[in-house]
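Below, chains carry the letters A, B, ... as their sequence lines are ordered, and counting in each starts from 1. It should be emphasised that the depicted structure is a prediction, and the values quoted were computed from it without experimental measurement.
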Amino acid sequence: MQEKYLPQDVERTIQQKWAVTGAFRARDDDARPRYYCLSMFPYPSGKLHMGHVRNYTIGDVLARYHAMRGFNVMQPMGWDAFGLPAENAAIANGVPPAAWTYANIDHMRAQLQALGFAIDWSRELATCKPDYYRWEQWLFTRLFEKGVIYKKMATVNWDPVDQTVLANEQVIDGRGWRSGALVEKRDIPMYFFRITRYADELLAGLDTLPGWPERVKTMQANWIGRSTGVRLAFKTPGSDELLWVFTTRADTLMGVTFVAVAAEHPLAARAAAENPALAAFIDECKQGSVAEADMATMEKKGMDTGLKVIHPISGEVIPVWVSNYVLMSYGEGAVMAVPAHDERDFGFARQYGLPIRQVIDARESSGVLRQAIADTRRNRALSAEEAEFAESFAEHASEFTDRAWQDWYASKEGVCINSGKYDGLGYEAAVDAIAADLAARGLGEKKTQFRLRDWGISRQRYWGCPIPIVHCATCGDVPVPAAQLPVVLPEDVVPDGSGNPLNKRADFVNCPCPRCGKPARRETDTMDTFVESSWYYARYACPDLADGMLDARADKWLPVDQYIGGIEHAILHLLYARFFHKLMRDEGLVASDEPFTNLLTQGMVVADTYYREEASGKKTWINPADVEVKDGVALLKADGRPVVVGGTEKMSKSKNNGVDPQALIDRYGADTARLFTMFAAPPEQSLEWSDAGVEGAHRFLKRLWKTVYEHLQGGRAPSPQPSPLKGEGANDAQSAPQAINDLRRQLHQTIQKVGDDIERRKQFNTAIAAVMELMNALAKLEGGDATTRSVRQEVLEAVVALLAPIVPHIAEALYAELKPGATLTWPVVDAAALVQDEIELMLQVNGKLRGAVRVAAAADKVAIEAAALASEAAQKYLEGRPPKKIVVVPGRLVNLVA
RNA sequence: GCCCGGGUGGCGGAAUCGGUAGACGCAGCGGAUUCAAAAUCCGCCGCCGCAAGGUGUGGGGGUUCGAGUCCCCCCCCGGGCACCA
């Protein structure tokens with residue numbers, strides 16, 4: 001055995017051994033229980049960043065742990081290879097996206113291999129390869145024929161200078177990222193997946209996923225946004241036409257003071273025909289990006305159309321306004337505005353001097369007021385501000401000050417007022433009564449509405465999976481027949497940033513119509529890259545299948561037992577993948593309803609961002625590795641001049657703040673990199689990157705190596721003894737020294753804890769800490785007698801096994817020295833070693849910690865109370881008076897309440 | 001703006017079911033070893049205080065014998081918002 005720990009040597013040797021034995025091959029015909037462990041595949045952006053290392057180490061720890069416990073483990077890897085960054089690189093460097101992508105894949109694969117992940121590389125796939133996307137196209141044509149995919153108009157960001165569609169990310173402050181031109185909204189035809197047809201099932205399915213984090217399920221449920229409300233109509237004077245709106249607050253119908261419609265609403269267009277000012281306003285609304293965040297934060301603007309509608313119950317005449325805060329894509333593209341009880345309506349009404357009518361009495365539900373009332377009841381004096389507020393609320397609520405308003409606007413708790421016959425009704429009763437009255441007049445009904453919209457997948461981009469449709473003047477949109485698939489994307493193209501280069505490729509565009517044979521045009525839009533990532537997990541089961549999308553092997557491996565990926569995918573990717581699984585199920589391709597049984601959402605690895613701004617306003621992002629921070633000033637290492645500090649953000653290509661883990665691996669080895677990332681923070685929490693602490697992880701591994709080396713200098717000791725351990729040369733009645741029994745108890749407690757931390761809690765930092773504590777305790781154990789050496793051997797064997805999922809190279813090398821020829825398996829807890837005779841309880845007096853008492857482990861409440869009362873602390877703090885009450889928490893503490 | 005998380009020493013974090021706040025590690029300080037340094041080993045290390053003791057988990061209030069943990073209000077930071085992946 002080498003005296004010194006040389007990670008590079010160890011890792012090279014062990015990795016070669018794994019390669020030779022095919023250690024990570026997942027067998028389709030293995031009868032043992034399977035464990036399909038999947039980490040989200042990376043976008044091949046160039047090199048691994050710390051987020052990848054973290055993600056894949058978590059997956060690897062779980063995969064290796066389960067392998068040690070006897071599971072047939074599959075851990076595959078692939079490449080989410082289509083996407084925008086490849087086109088950006090092409091624009092910047094003139095390299096074809098295909099060549100750039102393949103080069104990146106080769107480099108990143110080598111990095112993953114250097115990290116020693118237990119990946120079955122025989123299942124590797126890349127989504128940009130025709131043998132992968134062919135089946136995506138095949139499924140597309142099937143779904144198109146079924147009507148699950150359809151075509152309609154949709155709004156995109158249009159850069160009028162570059163003459164191209166922009167991604168939301170490419171719109172910065174309402175301008176195109178390259179041209180700087182003001183972005184416009186433009187309507188173009190797109191293909192849509194009818195995900196809304198599955199909305200109910202996607203929502204209900206969340207309840208069948210106990211292995212998913214609650215927060216992810218909540219986010220998805222809110223995203224789907226099922227709401228029951230009322231769809232109701234306002235009549236137009238002098239015509240049969242109806243203006244429909246959807247509302248979840250029909251109980252506030254009597255408080256409607258205006259109706260607001262989206263700029264794209266047909267009614268607005270009609271009014272604008274005779275009103276140039278209105279037409280100009282509608283045009284103005286078309287400026288800016290389509291991103292919802294932008295829509296929601298922009299200044300609310302509106303204009304009176306001059307049109308009037310009639311309130312369906314009161315018959316009142318109500319003005320119709322056009323406003324940019326109403327979205328055409330949600331509900332009916334029109335809302336009934338109740339300024340007293342909706343925040344946006346309220347703001348709008350105040351801005352334009354529209355009337356506000358309170359129709360819900362909800363003062364008790366006010367948070368601020370509730371607190372004030374509670375304080376008053378406790379006779380706490382209110383602050384001047386609170387008192388003033390409470391008073392103004394009580395007396396002048398109807399004056400609609402901004403603050404007072406906030407205290408009733410959104411509540412469903414109050415009862416109707418100022419609402420005629422509905423006065424006094426609560427939320428549900430009022431909605432029911434109003435819906436019934438509307439139904440009787442044919443002006444409304446209860447309706448379930450979803451926030452979720454159909455999934456538009458057309459992208460006006462080159463580097464993506466071609467949409468397999470041919471446009472024929474005679475036959476219309478014709479799906480490409482299965483025999484003619486795949487529609488292959490030419491790989492020799494270099495985009496220049498002005499539109500989709502496929503349009504300029506006659507050899508791609510021109511083709512005969514598959515139906516009538518006449519000359520036709522191929523669709524040049526490609527698919528959203530979320531489509532590829534929605535089914536890759538299934539393809540890993542049969543990546544070599546040449547004549548179908550999936551075969552029977554899919555159900556052998558699916559659903560995925562453990563899925564691991566960034567929290568940033570909590571909604572979109574995970575919802576689309578769940579949706580796709582149901583589409584594949586309904587095509588008979590898989591049997592299960594959900595793709596991922598257990599989900600671990602790792603927190604983001606974040607890092608500081610730095611940039612320099614050019615005169616044009618364009619920002620150049622600078623990698624933190626190239627920046628030096630001195631006395632709070634950030635300087636570029638290259639030129640020593642300052643750069644702007646942009647805040648801490650998710651590591652990303654676009655902000656260029658990824659930290660390259662390669663330096664870490666080169667210097668300390670993969671095991672140190674893995675140990676440190678697992679030790680730095682629990683997986684679900686975000687991790688602010690810093691290099692400090694890596695040394696500590698490396699030191700620990702060196703110490704472990706040295707401890708094993710020194711122990712083995714005296715030869716291997718025999719296997720662990722059965723409990724209870726006997727002392728050396730002692731007779732049967734005499735037990736081993738206390739120190740040895742204590743260490744063995746700690747050892748078996750640690751085995752228990754580490755297994756629980758990995759398997760149930762999925763918290764590896766505490767598992768590592770427990771092993772470190774055990775090693776610290778071992779270091780204090782002295783002596784070279786047979787019993788001591790045997791326990792030392794037992795501890796070291798266990799420590800190496802417990803760490804093996806995290807630091808597999810060093811673990812395997814040390815295990816081979818400790819137990820030649822043996823295979824690493826998970827250590828077994830010796831229950832007898834855990835037994836304790838005496839325990840220490842904390843002693844509190846009036847809830848304050850005042851000391852401790854030692855009692856027998858089996859002591860009952862009476863004995864514990866007696867011991868507590870007899871203690872020094874009790875004498876001192878009770879001053880002779882008997883306690884009023886004694887609280888005993890078994891195994892923990894005793895509290896004397898005086 | 002809306003939805004979802006988070007906030008604990010100088011730093012990363014621990015405290016799993018309401019029961020010893022700060023495990024483990026980093027940094028720092030002191031010591032041993034060394035010609036010296038690195039490496040290594042030992043010890044100290046929330047804050048105030050000489051001490052006794054007090055105080056302390058973003059801020060304010062509450063429930064409880066007992067609150068980092070539960071409830072109410074507020075502040076700050078991160079993620080997502082449908083064309084970044």
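- A/Arg703 pairs by the salt bridge (charged side-chain N to carboxylate O under 4.0 Å, His left out) definition with nothing, not counting sequence neighbours.
- In this structure A/Phe192 satisfies the ring-ring contact (aromatic ring centres under 6.0 Å, His included) test together with A/Tyr150, sequence neighbours excluded.
- As a whole-Å value, the separation of A/Arg850 CZ from B/G66 C1' is 13 Å.
- Legend: residues meeting salt bridge (charged side-chain N to carboxylate O under 4.0 Å, His left out) with A/Lys300, ordered by chain and number and at least two apart, are absent.
- Protein atom CZ of A/Phe764 is 13 Å distant from nucleotide atom P of B/A14, rounded to whole Å.
- Contacts of A/Tyr536 classified as ring-ring contact (aromatic ring centres under 6.0 Å, His included), with partners at least two apart in sequence or in another chain: A/Phe41, A/Tyr540.
- Under the salt bridge (charged side-chain N to carboxylate O under 4.0 Å, His left out) criterion, A/Lys47 pairs with A/Asp660, not counting sequence neighbours.
- Under 3.5 Å, the side chains of A/Trp455 and A/Asp528 contain a donor-acceptor pair of N or O atoms.
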Worksheet item: Reading nucleotides 78-85 of chain B 5' to 3', which nucleotides get B (base under 4.0 Å from a protein heavy atom), which S (sugar-phosphate only), which -?
Response: SSSBBBBB

Pick out the pairs of N or O atoms, protein on one side and nucleotides 26-30 of chain B on the other, that lie under 3.5 Å.
residue, atom, partner, partner atom, Å
B/C26, OP1, A/Arg699, NE, 3.1
B/C26, OP1, A/Arg699, NH2, 2.5
B/A27, OP2, A/Arg699, NH2, 3.3

Discussion item. Across nucleotides 15-24 of chain B, 5' to 3', mark each nucleotide with B, S or - according to how protein heavy atoms within less than 4.0 Å reach it.
Written reply: SB--BB--BB

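- Remark: A/Glu684 pairs with A/Arg215 by the salt bridge (charged side-chain N to carboxylate O under 4.0 Å, His left out) rule, at least two apart or across chains.
- Residues satisfying the ring-ring contact (aromatic ring centres under 6.0 Å, His included) test with A/Phe676, not counting sequence neighbours, are A/Trp689.
- Side-chain proximity of A/Asn222 to the nucleotides B/G25, B/C4, B/G1 is greatest for B/C4.
- One can place CG of A/Leu781 at 17 Å from P of B/C41, the figure rounded to the nearest angstrom.
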Could you list, one pair per line, each protein nitrogen or oxygen that sits under 3.5 Å from a nitrogen or oxygen of nucleotides 6-10 of chain B, together with the distance?
none

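- Atom-to-atom, CD of A/Gln220 to C1' of B/G5 comes out at 15 Å; the value is rounded to the nearest Å.
- In RNA chain B, runs of at least 3 consecutive Watson-Crick or G-U pairs, each pair with both distances below 3.5 Å, span B:1-7 with B:75-81, B:10-12 with B:24-26, B:28-32 with B:40-44, B:46-48 with B:53-55, B:58-62 with B:70-74.
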